[in-house]
Trainee: 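Mind looking over this structure? Questions follow.
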Amino acid sequence: MREHAGVSREELKQSAAVTVAVLLAVGLVAAWNVLIPGVDAWENIVAAVIGSLRLTGPVAAAFAAWVALRKRKALRGRSLTTWRALKAPLAIMVVVLGSFGATVLVLAVKTVLTDQAGRLSLSGLGMGMAGLALYSVIGWLAGWVLPRAFTPPLAGLGCYGAFSWLADDRGWADKLAPGTGEPYDLFQGLSGAPFFDQTIWLLGVTTALLLGWAALVTRQALVLACALLAVLAAGMGVSRVLAQPKPAAAKETDYSCHDWPITVCVHPGMRAGLTELGAAFTQIASRLAGTPAAFTHVEQRPLEEELKPANGLAPIHVPDLSAGFAEESAYEYIESLAARCHGTVADGYRDIVMAWLRGEPLPGGPLPEHQYAASWFSSLSEHQRREWLRMFFSDFQSCRLSSTHFGGGPARAETPPSAPQAPVPTPTSSPRSSPQSSNVYPVYPDRSGTPTSTSTPDTRGPAPTAGRSQDATEGGWVPGMSAAGWHGEPPLLVSGSEPSGTETPGATPGPAAPGAETPETVPESEMSPKGWH
């Protein structure tokens with residue numbers, strides 16, 4: 001078997017093949033974890049392979065350290081030429097860069113066969129290759145300087161810790177490590193200028209370290225001069241990297257849209273999620289119709305941008321297309337409609353409305369008034385709930401919801417349905433001035449307009465405000481009634497349930513003249529348990 005400086009050529013080939021296989025497997029696993037699920041865009045592929053360097057780089061460093069310590073022991077006491085010294089580390093770079101290219105090729109197979117958004121960033125791939133070369137040179141130097149059995153794993157762990165710390169610094173130091181920053185936002189894109197500056201810095205420092213080592217072992221001044229030039233290139237690259245401003249805003253994006261039943265627009269790489277987003281936000285749009293937050297257009301916005309619904313537009317965040325992404329986007333948007341309330345009572349009423357908007361079961365809440373409010377709200381029809389939200393949307397947003405918005409609370413619910421009714425006030429009295437005036441807000445009737453079996457026909461006219469029980473407010477909204485009560489003087493009641501225009505014995509035909517007797521009280525037996533509509 002042919003020997004090459006104490007190491008068999010067959011052994012080197014086997015080691016290289018194993019390293020390529022390991023780097024490919026590790027690279028695919030690491031890149032898969034960085035990929036934004038469901039996104040079909042070239043930028044997603046480039047960001048994934050660059051992100052895989054956090055694991056493949058330490059593996060490459062450990063492999064280079066293993067080869068270096070074997071080479072150091074084999075060449076002990078021998079003189080080296082420049083080419084002989086650089087041949088082994090350059091071969092290691094070829095091996096690890098080949099594994100990088102294989103990872104890119106595997107990830108790009110599906111991308112090539114389908115219509116992908118964006119474009120392939122060659123500068124980004126170049127920066128990734130330069131970063132992987134730097135890992136290899138650092139491992140080579142560690143194995144040469146410290147030829148011990150524990151050096152390869154130590155070199156790998158050291159590189160992982162050092163570069164992970166740089167990447168997570170979130171300051172100027174993270175620009176020196178090969179990476180794009182996480183989480184990656186598709187709307188920012190991959191600019192070629194920062195990648196080019198990073199490539200200059202990484203190639204400069206890699207060349208400076210490698211030539212500096214070669215000048216040390218060969219003792220050649222020319223090699224040392226080249227190493228100093230590489231140091232200058234690295235310094236220029238660092239200055240350009242640190243001077244590069246952070247991307248301030250997202251670039252303009254040509255959205256992919258779905259126009260029915262509402263318009264939903266997302267990044268072209270996420271167009272596969274249009275159907276689910278449309279289904280999730282159509283129901284929300286129908287429930288918010290007629291309110292200040294009504295919308296007919298849904299648009300995906302960058303992750304760092306605050307959600308501010310306005311002018312019929314519902315901005316949303318869609319980080320990825322993993323399972324449940326549409327529900328998560330809808331939940332975040334609904335939460336942006338009204339801030340959390342200070343206090344358990346107000347926040348409990350807010351949670352009831354939020355749960356309905358999200359299509360979830362209404363929460364009972366920690367307090368009895370919340371449980372009653374949830375029960376009262378669930379007894380309304382869908383149309384009544386929407387009309388209720390139109391009436392009290394400003395109270396919902398400003399945390400002013402109370403028991404009066406939900407039927408009056410448990411105390412009012414305890415009033416027996418057969419309680420004596422208050423006398424009908426005279427025309428000269430005003431229900432608003434009565435101390436027994438109800439402050440419970442009414443709701444609109446169901447769209448069908450069909451009275452329930454416990455309600456009286458609308459032809460009898462609205463009932464007076466004074467002395468009304470809670471059940472009287474659940475019958476429905478009567479034209480002429482405001483959110484706080486009746487407009488103007490209420491008409492007098494008549495006994496019985498005959499349609500208007502039918503003469504009823506004992507009924508008062510109209511307003512009493514001055515000095516007339518007080519109208520009779522409507523008999524309790526003729527009052528509906530649910531009150532007047």
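Numbers here simply count residues along the sequence, with the first being 1. Computed from a prediction, not measured in an experiment: that's the story for all the values here.
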Trainee: Got a donor-acceptor contact below 3.5 angstrom from the H317 side chain to the E332 backbone?
Mentor: no
Trainee: Is a donor on one side and an acceptor on the other found under 3.5 Å between the side chain of S329 and the backbone of F325?
Mentor: yes
Trainee: Does any N or O in the side chain of R54 come within less than 3.5 Å of the main-chain N or O of G51, such that one atom is a donor and the other an acceptor?
Mentor: no
Trainee: Write out all pairs satisfying salt bridge (Lys or Arg N to Asp or Glu O under 4.0 Å) with one or both partners inside residues 274-296, taking only residues at least two apart or from two chains.
Mentor: R287-E382
Trainee: Would you compute the distance between atom CD1 of I92 and atom NZ of K87 and round it to the nearest 0.5 angstrom?
Mentor: 13.0 Å
Trainee: Hey, do the aromatic rings of F406 and Y349 have their centres closer than 6.0 Å?
Mentor: yes
Trainee: For D320, check side-chain contact (heavy atoms from CB on, under 4.5 Å) against everything at least two apart and list the hits.
Mentor: I36, P37, S322
Trainee: Please enumerate all residues that pass ring-ring contact (aromatic ring centres under 6.0 Å, His included) together with W356, with sequence neighbours excluded.
Mentor: F377
Trainee: Please confirm whether the ring centroid of Y372 lies under 6.0 Å from the ring centroid of W376.
Mentor: no
Trainee: Is it the case that the side chain of S286 and the backbone of Q283 share a donor-acceptor pair, with hydrogens and angles ignored and the cut-off at 3.5 Å?
Mentor: yes
Trainee: So does I316 get a backbone contact from the side chain of Q300, meaning a donor-acceptor N/O pair under 3.5 Å?
Mentor: no
Trainee: Please check if the side chain of R386 supplies one atom and the backbone of A289 the other of a donor-acceptor pair under 3.5 Å.
Mentor: no
Trainee: Show me the pairs that pass disulfide bond (SG atoms under 2.5 Å apart) and involve residues 271-342, at least two apart or across chains.
Mentor: C341-C399
Trainee: Suppose the criterion is disulfide bond (SG atoms under 2.5 Å apart): which pairs have a residue in residues 20-62, not counting sequence neighbours?
Mentor: none
Trainee: How close do A142 and A155 get, counting heavy atoms only, and between which atoms?
Mentor: CB-CB, 4.1 Å
Trainee: What's the spacing between I50 CD1 and Q198 CD if we round to 0.5 Å?
Mentor: 8.0 Å
Trainee: What residues, two or more places apart in sequence or in another chain, satisfy ring-ring contact (aromatic ring centres under 6.0 Å, His included) together with F393?
Mentor: F396
Trainee: Which pairs count as disulfide bond (SG atoms under 2.5 Å apart) when at least one residue sits in residues 258-336, sequence neighbours excluded?
Mentor: C257-C265
Trainee: Treating T151 as the side-chain partner and L146 as the backbone partner, does any N or O pair qualify as donor plus acceptor under 3.5 Å?
Mentor: yes
Trainee: So, do H267 and Y255 have ring centers that fall under 6.0 Å from each other?
Mentor: no
Trainee: For S378, enumerate each residue passing the side-chain contact (heavy atoms from CB on, under 4.5 Å) test, keeping only those at least two apart in sequence or located in another chain.
Mentor: L362, R385
Trainee: For the backbone of L203 and the side chain of T206, can you confirm whether one donor and one acceptor N or O come within less than 3.5 Å of each other?
Mentor: no
Trainee: Looking at every heavy atom in both P315 and L307, which two are closest together, and how far apart are they?
Mentor: O-CD2, 3.5 Å
Trainee: Taking W388 for its side chain and H405 for its backbone only, find out whether a donor-acceptor pair lies under 3.5 Å.
Mentor: yes
Trainee: Applying disulfide bond (SG atoms under 2.5 Å apart), can you list everything that pairs with C226, at least two apart in sequence or on another chain?
Mentor: none
Trainee: Suppose we screen for side-chain contact (heavy atoms from CB on, under 4.5 Å). Which residues come up paired with R340, at least two apart in sequence or across chains?
Mentor: E335, D347, R350, D351
Trainee: Once ring-ring contact (aromatic ring centres under 6.0 Å, His included) is applied, do any residues pair with F295, and if so which ones, sequence neighbours excluded?
Mentor: Y333
Trainee: So how far is it from D395 CG to S402 OG, rounded to the nearest 0.5 Å?
Mentor: 8.0 Å
Trainee: Drop me the distance from L28's CG to L35's CG, to the nearest 0.5 angstrom.
Mentor: 10.0 Å
Trainee: Would you check if the side chain of H258 reaches a backbone N or O of W260 as a donor-acceptor pair within less than 3.5 Å?
Mentor: yes
Trainee: Quick one: side-chain contact (heavy atoms from CB on, under 4.5 Å) partners of T282, sequence neighbours excluded?
Mentor: P261, I262
